[in-house]
Amino acid sequence: MALLEVLQFPDPRLKRVSRKIDTVDDEIRELAANMCEVMYDEPGIGLAAPQVGVDLRLIVVDTEWGEDGQGKNPIVMVNPELSEPEGKIVWEEGCLSVPDFTADVTRAERIVIRGSDLDGNPLEIRAEGLQAVCFQHEIDHLDGILFIDRISRLKRNLYVKRRKKQLALEAEEVVDTRGSRL
Ligand code: NI
């Protein structure tokens, strides 16, 4: 099967609030497997279902795997919820849905995440550092929030302007290519 496409800003589907998953069935398990594939292929350390156009509360996270493709051990969580935030950490974040941009974001340094696994069993994770950042970033996606919504308006506006210019240029290139085929 072809890899799922990752939606990119400013796709309006990234702004949706995702729905709770009632039953973990084969469809959800297949979606999770496909999301892991996309995450490792990009490569990334986390992915949320809305990024592949599905408005369901499902995330995959793996902050440990190496660039050589070793040590893959994805955490898949259904209906994840954050609690018990502690401390503060500033991390330079990027996102597969926000091309060509990174920025410092402040989040909780330690956090507890509760949800269920792909067998429908309760799953609880205590995360800190990069893993805590990643869970908070992915759960934000489920609420239609991108990391650029958590930076200063000035920085965000600069990025939005640059991104629009880039998209306009890409659109022109498509027209040019088509023209040359006449
Ligand atoms: Ni992201």
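Just the heavy atoms: all of them, side chains too, but no hydrogens, waters or symmetry mates, feed the values below. First listed ligand is number 1; within each ligand, the first listed atom is number 1. In this chain, numbering begins with 1 at the start of the sequence shown.
Between the side chains of Y40 and D62, at least one donor-acceptor pair of N or O atoms lies under 3.5 Å. For the 3.5 Å distance criterion, the side chains of Q51 and S97 qualify, holding a donor opposite an acceptor.
Around the Ni ion (ligand 1), the protein atoms of type N, O or S found under 2.8 Å away are C95 SG, H137 NE2, H141 NE2, listed by chain and number.
Ion pair E86/R110 flagged as a salt bridge, since at least one NZ, NE, NH1 or NH2 atom sits closer than 4.0 Å to an Asp/Glu carboxylate oxygen. Comment: E109 does not engage K88 in a salt bridge, judged by the lack of any side-chain N to carboxylate O separation of less than 4.0 angstrom. Salt bridge status for R29 with D117: absent, with no side-chain N to carboxylate O gap under 4.0 Å.
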Handout entry: side chain to side chain donor-acceptor pair (under 3.5 Å) evaluation trace for N73 with E64
Key = CA-CA 8 Å; N73 188 22; E64 306 268 293; over 6 Å; no
